Amino acid sequence: MSNRHILVVEDERPIREMIAFGLRRAGYEVAEAEDCREARTAIADQRPDLLLVDWMLPDMSGLELTRQLKKDRETRDLPVIMLTARAEEHDKVAGLEGGADDYLTKPFSPRELLARIQAVLRRTAPAGDGETVRHELLSLDAASHRVMAGDNTVALGPTEYRLLSFFMTHPDRVYSRSQLLDRVWGGNVYVEERTIDVHIRRLRKALADHGVDHYVQTVRGAGYRFSTRPA
Ligand code: CA
């Protein structure tokens, strides 16, 4: 496998260079951008596998950049880890709801950064045909369309299967109803957002039979998230 390519978006040069140095030493290919405009160009030209985005940037906040990337069909699957000096819980929530895949508060150790990058790359890897996605007790086999909870088969309708498949390949992130509509239903305009709640209920009911319905979490005022961590 070729080296994974990481784009570091940070205006403070010493920090950016230190991060880039650590990543290169760990075997990653690294590109650097000092503002959102440069980041846009680098994303289009170099198609990185992951972005590290500082919250405070000169031309636009890193949060806004992340929001824009996650809205764009071309870039929405590009994993983003937000870097920030802010440690407040509500900033973290804003970062994650803005679409960031993870969040790291400065100062962080190079080891911690590498661990987060590996975790995000692992969990955002698209599930190809024949691949099994697993989260704790639950596993989903894309080739056979079979979902197992431990040793038991979970009976799901086709829509619930697609919903669960999307969730399991995009864990620990909040999706609004309209995002789910777009991603799972392909933006079908005839499906109402209410319909999503119905399918979420059915999915939970099927998972509840196996005691794993708590993986499908409601995030008040935001949408839904799949996570094996407590809500
Ligand atoms: Ca900065």
Side-chain angles (χ1 to χ4, degrees), residues 2-126 170-176 179 219 221-223 225 227 229:
S2 67
N3 288 348
R4 306 306 287 272
H5 184 147
I6 297 177
L7 175 64
V8 184
V9 190
E10 161 70 276
D11 57 317
E12 284 158 85
R13 194 166 150 189
I15 297 178
R16 190 178 69 234
E17 288 180 344
M18 188 189 69
I19 292 173
F21 176 79
L23 294 179
R24 286 194 183 103
R25 209 169 51 172
Y28 291 102
E29 271 180 47
V30 184
E32 301 175 36
E34 60 178 36
D35 55 31
C36 296
R37 200 180 48 83
E38 272 191 20
R40 285 285 194 178
T41 310
I43 291 163
D45 290 350
Q46 307 176 16
R47 307 223 153 247
D49 298 301
L50 182 141
L51 250 58
L52 296 177
V53 178
D54 186 42
W55 187 296
M56 300 291 281
L57 292 164
D59 53 347
M60 190 199 294
S61 80
L63 182 62
E64 188 51 36
L65 173 68
T66 303
R67 279 211 184 99
Q68 291 186 2
L69 292 172
K70 295 293 177 181
K71 264 191 225 149
D72 187 337
R73 204 171 282 267
E74 285 285 306
T75 52
R76 66 188 176 193
D77 288 325
L78 181 57
V80 174
I81 299 178
M82 291 273 311
L83 308 177
T84 178
R86 301 163 181 235
E88 290 103 14
E89 189 64 18
H90 69 265
D91 287 331
K92 176 173 177 171
V93 170
L96 294 175
E97 286 179 359
D101 298 271
D102 206 350
Y103 183 100
L104 209 47
T105 306
K106 295 175 188 172
F108 46 81
S109 71
R111 243 174 73 155
E112 190 178 3
L113 177 63
L114 287 174
R116 296 293 188 95
I117 288 173
Q118 280 158 10
V120 167
L121 284 175
R122 212 168 28 237
R123 73 172 196 245
T124 54
H170 300 78
D172 297 309
R173 258 176 57 183
V174 182
Y175 289 93
S176 66
Q179 284 172 324
V219 181
R225 167 181 56 208
S227 182
R229 295 185 244 165

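For clarity, every value in this text was computed on a predicted model and none was experimentally measured. Whatever order the structure lists them in is the order used to number ligands and atoms, beginning at 1. For reference, positions follow the sequence shown, starting with 1.
The atom of Glu12 that is an N, O or S and sits closest to the Ca ion (ligand 1) is OE2. The atom of Asp54 nearest to the Ca ion (ligand 1) is OD2, with the search restricted to N, O or S atoms. Note on Asp11: its N/O/S atom closest to the Ca ion (ligand 1) is OD1.
At the Ca ion (ligand 1), the vertex angle linking OE1 of Glu10 with O of Met56 is 130° (nearest 10 degrees).
Classification of Lys70 and Asp101 as a salt-bridged pair holds, one side-chain N sitting under 4.0 Å from a carboxylate O.
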Give the intermediate values and the outcome of side-chain hydrogen bond (donor to acceptor under 3.5 Å, both in side chains) for residues Arg40 and Gln68. CA-CA 10 Å; Arg40 285 285 194 178; Gln68 291 186 2; 3.0 Å; yes

Where do Asp54 and Glu12 land on the side-chain contact (heavy atoms from CB on, under 4.5 Å) test, with the steps shown first? CA-CA 9 Å; Asp54 186 42; Glu12 284 158 85; 4.3 Å; yes

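Two residues are said to be in side-chain contact when any heavy atoms from C-beta on lie closer than 4.5 Å; Arg13 and Arg16 meet this criterion.
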